[in-house]
Amino acid sequence: MNCVFIIIIILFAINLRTNKEKDNCLSLDWFNAQRAFFAMMVVFHHMVKYTSISNFPLTIYENLGYLSVSVFFLISGYGLTLKYENGRQNKYIARKIILLVLEYIFVFGLYAIWNILLDGYFDIQQLKSDFEQGILYVDNSWYILAIIIIYLAFDAFFWLKNNRYPDNKLIIWMSLFGLVYSILLIYLRWGTYWYVSYWAFVAGIVLRENKEKFIRVIREKQNVIMAVDIVIFAICFIGSLFRIPWSINFVLKVICSLSFSLLFVFLGMILRYESVPSIKLISKISLEIYLLHGLAFRILRNKLWFVNNEILFSICSIAICVCLAFLVNVATGYLFRKRMNQKT
C-alpha cells in the first residue's frame, strides 16, 4: 500500500510547473488537480482499515481524511461564492442538490444489491440504528449529506444578505451557522469528521470575497506567510496526536484543517498544474470516487474471497473505484439531463 501511495503522489507531482503567469493564480486547472489528488488521498485514508500497516505511516493515513476534506470544503466555499457573485445562483443549488441526491440513491442501490448478494438480506433496523449514530449506509457518504446542508444554508444566507441585510457579510452568517451546526452534531454525538473541516468552507468564502487583496498580501510576503502557515500546521498537527482533552484536540484539528487547505492555496500562487486528461477525469468523478471506494474495498475483501496481497489490493481498489465512479457519473448525468429536459 505504501508503494502505491508514493507512486500516486509522484504521478501527480510530475505535472507541477512553476507559475510564471502571475495573473493566472488559483486557476481552474489548479483546483481540479487538488480535487483529483485529494480524492485519491481520501481513498488511502479509508484503505488502512482493510490493511495492516506500521505505526508511523498509519498516523499519516489516519489524518489524511479530515485534512483532505478540508481542501474539498475550501474549494466548495470558493467556487460557490464565485458562482453566486457572477449571478449564477438561480436554481444552481436546486440542480446541484438534485444531482447529489440522484447519485446517492444510485450508489445506495449498488450497496444494497451487493449486501443482499453477500448476506442475503437488507437490514432496515441496522440502517436506522447506524443513522442515529451518524453512520450512513453508504460508506463515508456523510460528506454528501453535510454538503447538501451547507449548500442550503449558503443559499438562504446569500438571499438574506442581498435582500434583507445587505450590510452584513456572508462570512458572519456562515460562521454563525457553523457554530449551530457543530453544536448540534456534538449534542447528537456524531463523529467529529462531520464538522471539524467545515471552517475551511468559510475560509473559501473569505478567500473568494478578498481574492485580490489576498493575492497582493501573499506576493509581498510569500515566503514568510508560507513558513508561518507550515509552522502553525506542524505544531497543531503534532499536538493533536497527544492524549489531550477533546475540546483542545478539536480546536487543534480545526486549525490544522485551515492551515493545511490554505497551504495549497499558497502553492497555487507559485505553481501551476499541467492539464492532462487523466487528472481531468478523476477531478470530474471525484465525488463518485468518494462515494464508491468503500464498495471497492468490500468487493475485494469479504467473507467469500479475500485479496491478500497488499499491493494488488491497493491497485485493484483504485481501478475498481475509478471504473465504478465513471459509470455512475455517466448514468446519473444522463438521468439528470433527461429530467431537466423534461421540465423545460
Taking the side chain as every heavy atom from C-beta outward, state whether [X] and [Y] have any pair of such atoms under 4.5 Å apart.
X    : Y    : answer
M174 : W199 : no
Y290 : V43  : no
K284 : F326 : no
C256 : L67  : yes
L74  : V202 : no
I289 : M40  : yes
F106 : E103 : no
L176 : V180 : no

[X] and [Y]: which non-hydrogen atoms are nearest, and at how many Å?
X    : Y    : answer
L252 : C236 : O-CB, 3.7 Å
S317 : A296 : O-CB, 3.6 Å
A146 : Y181 : CB-OH, 3.4 Å
T81  : G77  : OG1-O, 2.7 Å
A203 : L258 : CB-CD2, 3.9 Å

| Crowded around I124 CD1? As in, over 12 foreign heavy atoms under 6.0 Å? | no
| Is the number of heavy atoms from other residues, nucleotides or ligands within 6.0 Å of CZ (F306) greater than 12? | yes
Any donor-acceptor pair under 3.5 Å linking the side chain of [X] with the backbone of [Y]?
X    : Y    : result
Y111 : L295 : yes
S129 : Q125 : no
S182 : L179 : no
R208 : L80  : no
W173 : A153 : no
N302 : I299 : yes
W194 : L185 : no
N249 : P245 : no
S283 : K280 : no

Do [Y] and [X] have ring centroids that are under 6.0 Å from one another?
X    : Y    : value
F131 : W142 : no
Y66  : Y195 : no
F177 : F154 : no
F73  : Y143 : yes

Give me the ring orientation class for [X] and [Y]: parallel if the planes are under 30° apart, tilted from 30 to 60°, perpendicular past 60°.
X    : Y    : result
F313 : F297 : tilted
F214 : F266 : parallel
F264 : F37  : tilted

Roughly how far apart are [X] [atom1] and [Y] [atom2], rounded to 0.5 Å?
X    : Y    : atom1 : atom2 : answer
R298 : K303 : CZ    : NZ    : 12.0 Å
K96  : S76  : NZ    : OG    : 7.5 Å
I318 : S314 : CD1   : OG    : 6.5 Å
F157 : I205 : CZ    : CD1   : 10.5 Å
I230 : L262 : CD1   : CG    : 12.0 Å
I238 : F233 : CD1   : CZ    : 9.0 Å

Hydrophobic clusters here meaning ILVMFWY residues chained together by side-chain heavy-atom distances under 4.5 Å, can you tell me if [X] and [Y] are in one?
X    : Y    : answer
L304 : V307 : yes
V101 : I285 : yes
I135 : V69  : no
I113 : L291 : no
V330 : I282 : yes

| said: Can you confirm whether the side chains of H46 and N140 place a donor and an acceptor under 3.5 Å from each other? | reply: yes
| Less than 4.0 Å between a side-chain N and a carboxylate O, is that true for K161 and E209? | no
| message | Walk me through whether Y84 and I93 qualify under side chain to side chain contact (heavy atoms under 4.5 Å, CB included). | response | CA-CA 10 Å; Y84 273 51; I93 287 290; 2.6 Å; yes
| said: Can you list, by chain and residue number, the hydrophobic cluster partners of I255 when the side-chain cut-off is 4.5 Å? | reply: V224, V228, I232, V251
| Taking Y137 as the fixed residue, which of N115, D123, D130 is the one that meets the side-chain hydrogen bond (donor to acceptor under 3.5 Å, both in side chains) rule? | N115
| Passes side chain to side chain contact (heavy atoms under 4.5 Å, CB included), Y78 versus K211? Steps please. | CA-CA 10 Å; Y78 182 94; K211 180 182 177 181; 3.3 Å; yes
